[in-house]
Peer 1: 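My questions will all concern the structure given below.
Lettering of chains follows the sequences in order, A, B, ..., and the numbering in each one begins at 1. Since the model is a prediction, treat every value here as computed from it, not as a measurement.
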2 protein chains.
Amino acid sequence: MPLFTSTYINKVDKKGRVSVPASFRATIPSEDQSVAVFPSLVSKAIEGFDCSYLEHISERLNNYEMLITPIQKQEPAAKILSKSITISIDADGRIVLPQDFIKHAGITDRALFVGLGRTFQIWGPEEYDCAMAQGGGT
Amino acid sequence: MPLFTSTYINKVDKKGRVSVPASFRATIPSEDQSVAVFPSLVSKAIEGFDCSYLEHISERLNNYEMLITPIQKQEPAAKILSKSITISIDADGRIVLPQDFIKHAGITDRALFVGLGRTFQIWGPEEYDCAMAQGGGT
DNA sequence: TACAGTACCATGTTATTCCATAAGTATGCA
DNA sequence: TGCATACTTATGGAATAACATGGTACTGTA
């Protein structure tokens, strides 16, 4: 079951250190205990996935086309790649989120991990509730 | 293909532990003795199915589209994934239901398993009778 | 030397595994 | 057909392992 599912809330310390939910770690190949993340283009959240998914995003780009296309007209995939970083998961199962990512998501002391199958998101709990209340409810 | 059928009532202990009906276990592939469950989006019940069905739901999502679509506009499949957990069935044929799932279904000390073919539901017996009385009965 | 980043260790809590028992069901034999 | 035996199933409790989290020590860098 290589899917990210469920939601978890973990604490974030002053240095931006936070535990990755154990079930998320289980879906990441044990060889490269690391994840790729970038600030969402459309939400106050951090998007995340395992690193192999980066290649999947890259395949959407025709890199030659990019050479002759103004940056304003380039695909979202280009923007995603330019904003993504890979973070390694330490021996205790934690990652350190960059301060600007934390700021983008409005995270203070707690992080909400949302599993979405092949990808996941990291939210500030309050921001997530707020976003879901604005039409996310079914 | 084996199907979930019939209904069973089993006891739930203080920790949320409950036996999965033997006939349900028989319909789950013996390799991964586990089930996926989530709080129903439309009922006071817990929805359940074998894990391969979770992948089926995941395939409904285009995760790349998700990266450029606000969460408020995402389809129900995203919500299901974000609420689903996979629970392994222990050596004694039991699972542990999370407290918030139990609360959602109004379960106290007994759980009603309802077979629905490819999927099943877990209800509090009283809530089920009540729901069936309100026009659900066929 | 001060700082940021990283690795290491320690602890309380929660979840999982193991063992034991009882009840019910099917099986075999006289 | 009646009775005894062996299984499966459901359930309760206790031992064990995993997880999340806070803190400290080490590393390199400005």
Peer 1: Starting at atom CZ of R25(B), determine the distance to atom P of dT8(D), rounded to an integer number of angstrom.
Peer 2: 12 Å
Peer 1: Whole-Å distance between dT9(D) C1' and K11(B) NZ?
Peer 2: 14 Å
Peer 1: With a 3.5 Å cut-off and no angle check, do the side chains of Y8(B) and S23(B) form a donor-acceptor pair?
Peer 2: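 A pair is found: one side chain offers a donor N or O, the other an acceptor, under 3.5 Å apart.
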Peer 1: Which letter, B, S or -, goes with each nucleotide of nucleotides 24-30 of chain D from 5' to 3', with contact meaning a protein heavy atom under 4.0 Å?
Peer 2: -------
Peer 1: How many whole angstroms separate atom CZ of R110(B) from atom P of dG12(D)?
Peer 2: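 Result: 13 Å.
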Peer 1: Would I87(B) end up clustered with F4(B) when hydrophobic side chains under 4.5 Å apart are linked, directly or stepwise?
Peer 2: yes
Peer 1: With a 4.5 Å heavy-atom cut-off, do V18(B) and V20(B) have their side chains touching?
Peer 2: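 A side-chain contact is absent here, since even the closest heavy-atom pair is not under 4.5 Å.
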Peer 1: Any idea which of dC19(D), dT11(D), dT9(D) is nearest the A22(A) side chain?
Peer 2: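 Taking heavy atoms from C-beta onward, the closest nucleotide is dC19(D).
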Peer 1: Please find out if less than 6.0 Å separates the ring center of H104(B) from that of F101(B).
Peer 2: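 Between F101(B) and H104(B), which both carry aromatic rings, the centre distance is not below 6.0 Å.
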Peer 1: For residues I107(B) and L112(B): do they belong to one hydrophobic cluster (side chain heavy atoms under 4.5 Å, members Ile, Leu, Val, Met, Phe, Trp, Tyr)?
Peer 2: no
Peer 1: Calculate the interatomic distance between D13(B) atom CG and dA14(D) atom P; express it in whole Å.
Peer 2: 13 Å
Peer 1: Could you tell me from which nucleotide to which nucleotide of DNA chain C, 5' to 3', there is an atom under 4.0 Å from chain A heavy atoms?
Peer 2: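 The protein-touched segment is dT6(C) to dC9(C).
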Peer 1: Do I57(B) and I85(B) sit in the same hydrophobic cluster, where Ile, Leu, Val, Met, Phe, Trp and Tyr count as joined when their side-chain heavy atoms come under 4.5 Å apart?
Peer 2: no
Peer 1: Nearest-Å distance, CG (N10(A)) to C1' (dT21(D))?
Peer 2: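 After rounding, the reported distance stands at 9 Å.
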Peer 1: According to the interplanar angle, ranging from 0 to 90°, do the rings of F49(A) and F38(A) count as parallel (below 30°), tilted (30 to 60°) or perpendicular (above 60°)?
Peer 2: tilted
Peer 1: What is the distance from CG of D92(B) to P of dG13(D), rounded to the nearest Å?
Peer 2: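 Taking atom P of dG13(D) as the reference, CG of D92(B) is at 15 Å.
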Peer 1: Could you give all pairs that pass the salt bridge (Lys or Arg N to Asp or Glu O under 4.0 Å) test and reach residues 43-52 of chain A, with sequence neighbours left out?
Peer 2: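 The answer is K44(A)-E127(A).
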Peer 1: Figure out the CG/P separation between D109(B) and dT11(D), and round it to whole Å.
Peer 2: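 Result: 11 Å.
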Peer 1: NA contact type, V12(B), heavy-atom cut-off 4.0 Å: base, sugar-phosphate, or nothing?
Peer 2: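 No contact.
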Peer 1: If hydrophobic clusters are built by linking Ile, Leu, Val, Met, Phe, Trp and Tyr wherever their side-chain heavy atoms come under 4.5 Å apart, do V37(B) and Y128(B) end up in the same one?
Peer 2: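 No, V37(B) and Y128(B) fall in different hydrophobic clusters.
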Peer 1: Give V18(A) one of three labels, base, sugar-phosphate or nothing, depending on what nucleic acid heavy atoms sit under 4.0 Å from its own.
Peer 2: nothing
Peer 1: Do L3(A) and Y53(B) belong to the same hydrophobic cluster, where Ile, Leu, Val, Met, Phe, Trp and Tyr are linked whenever their side-chain heavy atoms lie under 4.5 Å apart, directly or via other members?
Peer 2: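 L3(A) clusters together with Y53(B).
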Peer 1: Using 4.0 Å as the upper bound for N to carboxylate O, is an ion pair formed by R94(B) and D92(B)?
Peer 2: yes
Peer 1: Between the axis at one end of the helix from dT1(C)-dA30(D) to dA30(C)-dT1(D) and the axis at the other (five pairs apiece), what's the angle to 10 degrees?
Peer 2: 40°
Peer 1: Any salt bridge (Lys or Arg N to Asp or Glu O under 4.0 Å) involving residues 96-106 of chain A? Give me the pairs, sequence neighbours left out, ordered by first then second residue.
Peer 2: none
Peer 1: Before accepting this row, confirm whether a basic side-chain N of the pair E55(B)/R60(B) lies closer than 4.0 Å to the acidic partner's carboxylate O.
Peer 2: no
Peer 1: Counting only heavy atoms and a strict 4.0 angstrom limit, can you tell me which residues of residues 96-108 of chain B come near DNA chain D?
Peer 2: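 Contacting residues: none.
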Peer 1: Provide, to the nearest angstrom, the distance between the CZ atom belonging to F24(B) and the C1' atom belonging to dT9(D).
Peer 2: 15 Å
Peer 1: What distance separates S40(A) OG from Q121(A) CD, expressed to the nearest 0.5 Å?
Peer 2: 6.0 Å
